[in-house]
Chemist: 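Below you will find the structure I want to go over with you.
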Amino acid sequence: MIGNNTVLEARDLTRTYRRGNEHICALDGVSLSIQRGDFVSFMGPSGSGKTTLINLLGCLENPTTGELDLVGRSIFGGGTFLNEKALTKIRREIYGYIFQNFYLVPTLTVRENVELPLAFYNKSGARGESERLLTMLGMEHRMNHLPSQISGGEMQRTAIARALVNSPDILLADEPTGNLDTKRSGEIGEVLQDLNRNTGLTIVMVTHNPELAKLGGRQIEMRDGKAYESCDRTIFLRRTT
Ligand SMILES: Nc1ncnc2c1ncn2[C@@H]1O[C@H](COP(=O)(O)OP(=O)(O)OP(=O)(O)O)[C@@H](O)[C@H]1O
Ligand SMILES: [Mg+2]
């Protein structure tokens, strides 16, 4: 039974890929519960399954087996198989996504990029909301610039504003500072921490940067497709004995 504050509940998720005759177990039974307002970061070596997991949690890919509930609704498992249309709606309503490569549309201004997700809803007040978010993220002087005219850190701020414009329940971030230098990474880390603390935004982030991972109240280590939470007593014992 999912609690009121639980936004995400994953049970025994697995994901196997086939490469020729070889079966690769990218995710090997991950169970996880995320509460509203959590800031969870995933670390771990390359190939340990971080992107696979975050893509499953974000409904960007289907698990091989296992169950996923989001805001009290069954998405995968228990005989539920949502069609692509229902999944698209869930992605739009529950998630904001940011990635290492920003994925801004090069021919649109910063403001237009942020307003893009609202086009699906034909919402009024789009301009007011994009301006509010961009101002909050320190981008008020860049609203009419094109992506080619701003820095990497500013591109990621734009992508964050775009991710937030539909008021998502969860912000999913796969290596959001992977293309940024140390200073800009730190700044984006601060932006995420402020959002979590000041607006209660739930954040689920993959990072290779230990400084960034520390910002998350919960740190989870991925190894060989398994997830180990750092306050997990079994890990604590294994590390100290
Ligand atoms: N589409 C795919 N087809 C086949 N194998 C895949 C596919 N996607 C991922 N894998 C394999 O699954 C495993 C986990 O990959 P994943 O991308 O989740 O790792 P990661 O922890 O995100 O790594 P990185 O830190 O390099 O981004 C790897 O062995 C990878 O080669
Ligand atoms: Mg990855």
Side-chain angles (χ1 to χ4, degrees), residues 1-3 5-19 22-101 103 117 159 163 166 168-176 178 192 201-208 212-213 216-230 232:
M1 186 63 193
I2 197 159
N5 251 345
T6 306
V7 282
L8 182 155
E9 176 99 15
R11 289 179 295 275
D12 218 7
L13 289 178
T14 73
R15 181 69 161 101
T16 312
Y17 293 110
R18 262 187 83 163
R19 215 160 24 202
E22 196 189 357
H23 286 267
I24 297 157
C25 183
L27 217 59
D28 188 11
V30 171
S31 297
L32 178 72
S33 178
I34 295 177
Q35 311 297 307
R36 206 169 281 284
D38 277 358
F39 186 166
V40 188
S41 44
F42 290 91
M43 298 257 297
S46 184
S48 58
K50 304 181 297 296
T51 293
T52 303
L53 176 60
I54 212 160
N55 286 349
L56 295 190
L57 299 182
C59 307
L60 299 171
E61 278 187 53
N62 296 348
T64 304
T65 61
E67 302 181 352
L68 177 67
D69 298 346
L70 292 176
V71 290
R73 182 157 177 208
S74 176
I75 310 295
F76 299 115
T80 315
F81 297 95
L82 296 184
N83 62 29
E84 192 48 38
K85 196 170 164 211
L87 279 178
T88 302
K89 189 162 181 283
I90 279 167
R91 285 183 206 118
R92 267 192 217 137
E93 288 180 358
I94 295 182
Y95 282 112
Y97 303 91
I98 56 171
F99 304 95
Q100 183 169 355
N101 293 326
Y103 296 121
N166 276 333
D169 291 286
I170 304 173
L171 180 70
L172 268 197
D174 193 355
E175 300 195 35
L192 295 177
L201 180 70
T202 309
I203 302 180
V204 179
M205 173 177 76
V206 168
T207 180
H208 278 115
L212 214 65
R218 295 175 61 187
Q219 292 171 50
I220 297 178
E221 167 99 15
M222 296 289 298
R223 257 179 292 131
D224 300 325
K226 290 191 161 65
Y228 303 90
E229 188 144 5
S230 56
D232 187 334

Chemist: Side chains of Gln35 and Val7, heavy atoms from C-beta outward: is any pair under 4.5 Å?
Modeler: no

Chemist: Side chains of Glu175 and Ile98: closer than 4.5 Å at any heavy-atom pair?
Modeler: no

Chemist: Taking atom SG of Cys59 and atom CZ of Arg92, what is their separation to the nearest 0.5 Å?
Modeler: 13.5 Å

Chemist: Grab the two heavy atoms, one from Ala163 and one from Leu171, that are nearest each other, plus how far apart they are.
Modeler: CB-CD1, 3.6 Å

Chemist: Would you call Asp69 and Arg11 a salt bridge, using N to O less than 4.0 angstrom?
Modeler: yes

Chemist: Decide side-chain contact (heavy atoms from CB on, under 4.5 Å) for Ile203 and Leu172; before the verdict, give the C-alpha distance in whole Å, the side-chain angles of both, and the deciding distance to 0.1 Å.
Modeler: CA-CA 6 Å; Ile203 302 180; Leu172 268 197; over 6 Å; no

Chemist: Are any side-chain N or O atoms of Ser230 and backbone N or O atoms of Ile220, one a donor and one an acceptor, separated by less than 3.5 Å?
Modeler: no

Chemist: Which pair of non-hydrogen atoms, one from Leu27 and one from Gly49, has the smallest distance, and what is that distance?
Modeler: CD1-O, 3.6 Å

Chemist: So with a 6.0 Å cut-off around CG of Asp224, is the heavy-atom count from everything else above 12?
Modeler: no

Chemist: Hydrogens and angles aside, do Thr207 and Ser41 bring a side-chain donor and acceptor to less than 3.5 Å of each other?
Modeler: no

Chemist: Can you see which heavy atom on Leu8 is nearest to which on Ala10, and at what distance?
Modeler: CD2-N, 4.0 Å

Chemist: For Phe42 versus Leu53, what's the shortest heavy-atom pair and its separation?
Modeler: CE2-CD2, 3.5 Å

Chemist: Is it true that Arg18 and Glu22 have a side-chain N and a carboxylate O under 4.0 angstrom from each other?
Modeler: no

Chemist: Starting at NZ of Lys89, measure out to CG of Asn83 and round the result to the nearest 0.5 Å.
Modeler: 11.5 Å

Chemist: If you round to the nearest 0.5 Å, how far is CG of Asn55 from CG of Asp174?
Modeler: 6.5 Å

Chemist: Please state whether the rings of Tyr103 and Phe99 are parallel, tilted or perpendicular, taking 30° and 60° as the class boundaries.
Modeler: perpendicular

Chemist: Side chains of Phe39 and Met205: closer than 4.5 Å at any heavy-atom pair?
Modeler: yes

Chemist: Determine, for Lys50 against Glu221, whether the closest basic-nitrogen to carboxylate-oxygen distance falls under 4.0 angstrom.
Modeler: no

Chemist: OH of Tyr228 to CE of Met43: how many Å apart, nearest 0.5 Å?
Modeler: 16.0 Å

Chemist: Can you find a heavy atom in the side chain of Leu60 that is under 4.5 Å from one in the side chain of Ile54?
Modeler: no

Chemist: For Asp38 and Thr202, does a side-chain donor sit closer than 3.5 Å to a side-chain acceptor?
Modeler: no

Chemist: Should Glu9 and Leu68 count as side-chain neighbours, where that means a heavy-atom distance under 4.5 Å?
Modeler: no

Chemist: Okay, side chain of Asn166, backbone of Pro168: is any donor-acceptor separation there less than 3.5 Å?
Modeler: no

Chemist: Heavy atoms, side chains only, cut-off 4.5 Å: are Leu70 and Ile90 in contact?
Modeler: yes

Chemist: Identify the two heavy atoms, one from Arg19 and one from Ile24, that lie closest to each other, and give their separation to 0.1 Å.
Modeler: NH2-CD1, 2.8 Å

Chemist: Is there a donor-acceptor contact under 3.5 Å from the side chain of Arg15 to the main chain of Asn62?
Modeler: yes

Chemist: Report yes or no: does Tyr97 contribute a side-chain atom to a donor-acceptor pair with the main-chain N or O of Gly58 at less than 3.5 Å?
Modeler: yes

Chemist: Using a 4.5 Å cut-off on heavy atoms from C-beta on, say whether the side chain of Lys85 contacts that of Thr88.
Modeler: no

Chemist: Enter the distance from Met222:CE to Asp28:CG here, rounded to the nearest 0.5 Å.
Modeler: 9.5 Å

Chemist: Does Asp12 form a side chain to side chain donor-acceptor pair (under 3.5 Å) with Ser31? I'd like the steps, not just the answer.
Modeler: CA-CA 5 Å; Asp12 218 7; Ser31 297; 4.8 Å; no

Chemist: Quick check against the 3.5 Å criterion: does Thr64 have a side-chain atom that pairs as donor or acceptor with the backbone of Thr16?
Modeler: yes

Chemist: Does some side-chain heavy atom of Leu212 sit less than 4.5 Å from a side-chain heavy atom of Leu192?
Modeler: no

Chemist: Provide the closest heavy-atom pair for Ile34 versus Arg218 in the form atom of the first, atom of the second, distance.
Modeler: CA-NH1, 3.8 Å

Chemist: Test side-chain contact (heavy atoms from CB on, under 4.5 Å) on Leu57 and Leu32 and set out the steps.
Modeler: CA-CA 10 Å; Leu57 299 182; Leu32 178 72; 4.0 Å; yes

